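Keep in mind that this is a model prediction, so the values were computed, not measured.
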Amino acid sequence: GAVGSVIPNLPFRGFVNPSLDRTTEVEIALSDFYNPTGEDAYPPGSPFGEKQKPRALWINVSAVWCGPCQYESAEILPEEYALYAPRGAELLLVLADSAVVGDPAKITHLDSWTKKYAAAWPSVIDPPHTLANQFQGGQYPVNIVVDTETMIVRAILNGIPEEGSGFYSALEAELD
């Protein structure tokens with residue numbers, strides 16, 4: 001998991017839009033966001049609805065026990081999602097741990113988390129910690145920007161992105 005590498009097509013389980021439905025658990029794979037032409041749309045019947053696929057994917061890896069993750073989910077992600085989603089970005093929350101360090105989050109944790117923070121973006125769990133193990137570097141949250149045309153990782157940040165940082169520059173470069 002390094003900048004410039006292709007992110008593996010990992011499968012997760014979770015909710016497409018937990019602010020609308022936290023009862024229908026679906027498989028969400030990173031390939032669901034693959035948009036090779038930059039103009040692809042989800043097919044009829046897709047759990048994502050009939051809409052354009054994203055031009056950039058912002059993956060946020062969080063843990064229930066992580067104070068900065070809680071702050072980011074409450075204060076940062078809703079604001080940034082409102083700003084970047086209309087420009088072609090998708091946010092994917094990956095809840096890695098429960099309230100216990102190293103204990104994999106379960107769907108019940110994801111249900112509570114997405115309800116508490118009114119998440120309106122795809123949100124999943126990663127019980128084997130596959131994604132977290134590749135990118136974590138010992139600290140949550142982890143924020144990752146993926147170019148959905150190539151699935152190449154453009155930025156990795158351990159911690160909360162600062163305004164005007166290279167993380168946001170990488171995200172905006174995929175959208176402009």
Side-chain angles (χ1 to χ4, degrees), residues 1 6-35 42-54 56-82 84-85 89-146 148 151 153 156-161:
V6 173
I7 198 162
N9 180 25
L10 302 171
F12 307 104
R13 296 213 52 84
F15 312 120
V16 171
N17 183 342
S19 68
L20 298 177
D21 179 3
R22 286 189 322 279
T23 59
T24 307
E25 188 185 325
V26 297
E27 181 172 289
I28 297 174
L30 291 179
S31 61
D32 290 332
F33 306 104
Y34 181 50
N35 184 358
Y42 289 105
S46 162
F48 295 95
E50 291 184 47
K51 65 177 186 177
Q52 287 290 127
K53 287 189 170 191
L57 180 62
W58 173 345
I59 303 172
N60 171 260
V61 186
S62 288
V64 175
W65 56 262
C66 164
C69 301
Q70 296 166 23
Y71 173 80
E72 187 179 34
S73 281
E75 303 295 329
I76 310 287
L77 297 181
E79 218 170 84
E80 300 300 0
Y81 188 73
Y84 289 111
E90 184 61 273
L91 176 60
L92 175 66
L93 169 80
V94 178
L95 195 61
D97 278 2
S98 72
V100 177
V101 175
D103 179 53
K106 295 174 181 59
I107 208 75
T108 52
H109 300 115
L110 185 66
D111 179 61
S112 300
W113 183 272
T114 56
K115 181 179 182 184
K116 180 176 183 178
Y117 299 114
W121 42 85
S123 300
V124 297
I125 55 172
D126 180 18
H129 287 104
T130 311
L131 188 72
N133 288 341
Q134 289 188 33
F135 291 97
Q136 185 191 5
Q139 178 183 339
Y140 289 111
V142 181
N143 288 284
I144 305 163
V145 174
V146 178
T148 56
M151 299 309 281
V153 175
I156 303 167
L157 177 74
N158 291 95
I160 298 172

Considering only residues two or more places apart or on different chains, which pairs with a residue in residues 93-117 satisfy salt bridge (charged side-chain N to carboxylate O under 4.0 Å, His left out)?
R22-D111

Quick one: do M151 and L30 satisfy side chain to side chain contact (heavy atoms under 4.5 Å, CB included)? Show the steps, please.
CA-CA 9 Å; M151 299 309 281; L30 291 179; 4.3 Å; yes

Side chain to side chain, [X] and [Y], heavy atoms closer than 4.5 Å:
X	Y	answer
I160	P141	yes
P8	Q134	yes
V94	V142	no
F33	I28	yes
L93	S62	yes
I7	L131	yes
L20	F15	no
P78	W121	yes

Under 6.0 Å between ring centres: does that hold for Y81 and W58?
no

If the condition is salt bridge (charged side-chain N to carboxylate O under 4.0 Å, His left out), which residues does E25 pass it with, not counting sequence neighbours?
R13

Which atom names give the shortest non-hydrogen contact between [X] and [Y], and what distance separates them?
X	Y	answer
F48	P122	CE2-CG, 4.0 Å
A96	Y140	CB-OH, 3.4 Å
Y34	T148	CD1-O, 3.3 Å
G159	N143	O-ND2, 2.9 Å
A105	L95	CB-O, 3.5 Å
N133	P128	ND2-O, 3.8 Å

Check step by step if side chain to side chain contact (heavy atoms under 4.5 Å, CB included) holds for D126 and L10.
CA-CA 9 Å; D126 180 18; L10 302 171; 5.6 Å; no

Partners of T24 by side-chain hydrogen bond (donor to acceptor under 3.5 Å, both in side chains), sequence neighbours excluded?
D21

Is there a donor-acceptor contact under 3.5 Å from the side chain of [X] to the main chain of [Y]?
X	Y	value
N35	K53	yes
Q70	V64	yes
Y71	I76	no

Quick one: [atom1] on [X] to [atom2] on [Y], what's the gap to the nearest 0.5 Å?
X	Y	atom1	atom2	answer
C66	Q139	SG	CD	8.0 Å
E90	D32	CD	CG	10.5 Å
H129	F135	NE2	CZ	15.0 Å

Side chain to side chain contact (heavy atoms under 4.5 Å, CB included) with W113: of S123, P18, C69, only one passes, and it is C69

